[in-house]
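Residue numbering restarts at 1 for every chain, and letters A, B, ... go by the order of the sequence lines.
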Protein chains: 2
Amino acid sequence: MTTESEYLLGLYIVEHRSAPPVSSGRLAAVLDRSPAATTEMLQRLETRGLVDYEPYEGATLTPSGRDRADGLHRSYVTLSWFFRAVLDLDAAEREAMRMAGIVSPSVTDRLAETLLTNGDPREVIESGPPDRGE
Amino acid sequence: MTTESEYLLGLYIVEHRSAPPVSSGRLAAVLDRSPAATTEMLQRLETRGLVDYEPYEGATLTPSGRDRADGLHRSYVTLSWFFRAVLDLDAAEREAMRMAGIVSPSVTDRLAETLLTNGDPREVIESGPPDRGE
DNA sequence: GTTTTATTTTAGGTTTGCCTAAATAGTCGT
DNA sequence: ACGACTATTTAGGCAAACCTAAAATAAAAC
């Protein structure tokens, strides 16, 4: 299920940079996979009700997919922030993305809480686009 | 390569609880896999030079495998400590184990550094058995 | 020293995810 | 409207891990 998460998060991020649907090629580039593999996965995600997929057009997150992606994005932002602000690591963006799908919510939730309590709060949660109109 | 890591770390931990070699069944129980899957993996690890494997006996980490496992164990201890002492999560042992094989060393290294600098240092690095005679 | 029991291994099969190459569909210029 | 180009999809394959059931082996019990 962890690969699935990467696709969902990638989709989420791309959807917020330019309007959906997201083409296979675009997503493939972001995730560093072949377009063919990406198409295949998008089709799989559709059967799971997580995206709407239109051949030659691209994919759009369904409400259910967006839910999942939203949680992943929250984790991603938290991790990313932690890596940069606390561990002082740049270039850990990609790693944060990978990890968002792997770490259990209890960990990222607690991490976020801890950061907000002990650290500079502010743009932790709101640093990404948590939603935007259809 | 992440599954491989789990096996190496499991092997490392079991080797330090009772003397090697580690049987398939024992390792299977620790990693929550079927004995058959474990046997198969041990054979694969042998072809990669990471363990010595004796049928019906079990596996022993080679120097090269022990090197790898040692790094993983260091990460594991760091993560485990972080989860418990900073995030105040119990029962994250298993997650720490899983993550040790996934997080890049740069992250766990920096995490360890940061903990040692800012937190209660003490038994962070030395909390596990970092080595013991053959 | 057999037989029973427990463990380990092999056999056979499945799923997931990826890739390359070939086919197909859309798009744009003229 | 046609051809050329580009992007996407399908086809065919492969590798990694896992599982269950059956066979083999080792160890213990009698």
Interatomic distance, [X] [atom1] vs [N] [atom2] [rounded to whole Å]:
X       : N      : atom1 : atom2 : value
A/Asp32 : C/dG17 : CG    : P     : 17 Å
B/Arg33 : D/dC19 : CZ    : P     : 7 Å
B/Glu6  : D/dC18 : CD    : C1'   : 13 Å
A/Met41 : C/dC19 : CE    : P     : 12 Å

Discussion item. Salt bridge check, B/Arg94 against B/Glu6: does any charged N sit closer than 4.0 Å to a carboxylate O?
Written reply: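 Yes, charged N to carboxylate O under 4.0 Å.
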Worksheet item: Ion pair present between B/Asp88 and B/Arg84, side-chain N to carboxylate O less than 4.0 angstrom?
Response: no
Worksheet item: Quick one: what's the B/S/- string for nucleotides 1-16 of chain D, heavy-atom cutoff under 4.0 Å, read 5' to 3'?
Response: -------SBB-----S
Worksheet item: In the hydrophobic clustering (ILVMFWY, side-chain contacts below 4.5 Å, transitive), which residues join A/Tyr56, or is it alone?
Response: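 Under the 4.5 Å side-chain rule, A/Tyr56 groups with nothing.
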Item to complete: State, to 0.1 Å, how close B/Ser24 and B/Thr39 come at their nearest heavy-atom pair, and which atoms those are.
Response: OG-OG1, 3.2 Å
Worksheet item: Does the ring center of B/Tyr7 lie less than 6.0 Å from the ring center of B/Tyr53?
Response: no
Discussion item. Please identify which of these residues, B/Thr60, B/Leu42, B/Leu72, B/Leu50, meets the side chain to side chain contact (heavy atoms under 4.5 Å, CB included) condition with B/Leu11.
Written reply: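 Of the listed options, the one satisfying the test is B/Leu42.
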